[in-house]
Amino acid sequence: MEVRSNPAAGNSFDHRRPPAVPSKQQLPAPHSVDTSAVSQRLQKELMALMMSGGDLGVSAFPDGESIFTWIGTVEGGKGTLYEGLSYKLSLHFPLDYPFKPPQVKFETMCFHPNVDQFGNICLDILQDKWSSAYDCRTILLSIQSLLEEPNLESPLNSYAAALWNDKEDYRRMVHKQYFSGEAHES
């Protein structure tokens, strides 16, 4: 085979070589996630929580082998309608944590204006007010605080919101749901 050049075009074309074909090898995504960095961050949060969380009435540990799925516990604060009660939560951390918030749900039935019948929680820091500066301890303490101070402007459970000002009836409903022993449907 011969090489022909086209002086008018100012380029040459080698007929012996096949045209370049784009590589089928996948390039990394422009914002690829370093799961080892996320794992390290979660390990640090776990250690910090183990050192201080129990004293505050909150705790969490990985559920099984995955560092991305945790089971948490929030104790009702002293002097609140939830005092003496302990709530189990599930925490699912995304691969791009802490840039995205974890999915957090009550696993124990919780009668509360900002918790629906499936355990979903309406809490601004788990949605539009999320910051990568938050950690698991902050989330659990915020949920513990939410138990005492619901956002009645944004209820997921309108019945609980309507009953909030009648503390005796509200306390009865909290205990009725809690002691029914039912877990939320997933």
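- One hydrophobic cluster, built from ILVMFWY side chains closer than 4.5 Å, holds both F68 and W70.
- In this structure, the separation between OG1 on T80 and CD on Q144 is 8.0 Å, given to the nearest 0.5 Å.
- Taking each heavy atom of V174 and L85 in turn, the nearest pair found is CG1-CD1, 3.6 Å.
- Side-chain atoms of S86 and T108, non-hydrogen and from C-beta on, never get closer than 4.5 Å to each other.
- A donor-acceptor contact shorter than 3.5 Å links the side chain of D116 to the backbone of G119.
- Formation of a donor-acceptor pair under 3.5 Å by the S145 side chain with backbone atoms of L141 is not found in this model.
- Here the straight-line distance linking atom OG of S59 with atom CG of L46 works out to 10.5 Å at 0.5 Å rounding.
- H112 and Y82 have tilted rings, their planes meeting at an angle from 30° to 60° on a 0 to 90° scale.
- We find the CD1-CG distance between I143 and N114 to be 11.0 Å, quoted to the nearest 0.5 Å.
- When the shell of 6.0 Å around NZ of K167 is examined, it contains more than 12 heavy atoms from other residues, nucleotides or ligands.
- Here the CZ-OH distance, from R41 to Y97, works out to 4.5 Å after rounding to the nearest 0.5 Å.
- Residues C136 and A60 come closest through the heavy atom pair SG-CB, 4.1 Å.
- Remark: E65 CD is loosely packed, at most 12 non-hydrogen atoms of other residues, nucleotides or ligands lying under 6.0 Å away.
- When all heavy atoms of Y134 and E45 are compared, the closest pair comes out as O-OE2, 4.4 Å.
- Closest approach of P102 to I139, counting heavy atoms only: CG-CD1, 3.4 Å.
- In this structure, Q177 contributes its side chain and M173 its backbone to no donor-acceptor pair below 3.5 Å.
- Cluster membership check: W164 shares its hydrophobic cluster with Y178, using side-chain heavy-atom separations under 4.5 Å among Ile, Leu, Val, Met, Phe, Trp and Tyr.
- Between Y170 and F111, the two ring planes are tilted [angle within 30° to 60°].
- At least one side-chain heavy atom of M50 sits less than 4.5 Å from a side-chain heavy atom of F61.
- For the pair R171/H175, a side-chain contact is recorded, criterion being any heavy-atom separation below 4.5 Å from C-beta on.
- Here the shortest heavy-atom pairing between I125 and W130 reads O-CE3, 2.9 Å.
- Hydrophobic clustering, with ILVMFWY side chains joined whenever heavy atoms are under 4.5 angstrom apart, keeps I71 apart from V58.
- Under a hydrophobic-cluster definition in which Ile, Leu, Val, Met, Phe, Trp and Tyr are linked whenever side-chain heavy atoms come within less than 4.5 Å, directly or via other members, F99 and L91 are assigned to different clusters.
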**Request:** Take C110 and L147, measure what side chain to side chain contact (heavy atoms under 4.5 Å, CB included) needs, and give me the verdict at the end.
**Result:** CA-CA 9 Å; C110 181; L147 289 177; 3.9 Å; yes

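- The local environment of CD in Q103 is sparse, with at most 12 non-hydrogen atoms from other residues, nucleotides or ligands closer than 6.0 Å.
- Atom CG of L123 and atom CG of N151 lie 9.0 Å apart (nearest 0.5 Å).
- D55 and S52 are not linked by any side-chain donor-acceptor pair at a separation below 3.5 angstrom, with hydrogens and angles left out of the test.
- Between E75 and L56 the shortest side-chain heavy-atom distance does not fall below 4.5 Å.
- Nearest heavy-atom pair across P94 and K100 is CG-O, 3.6 Å.
- The distance from the CG atom of L140 to the CG atom of L89 is 6.5 Å, given to the nearest 0.5 Å.
- L156 and L146 are members of different hydrophobic clusters when ILVMFWY side chains are connected at heavy-atom separations under 4.5 Å.
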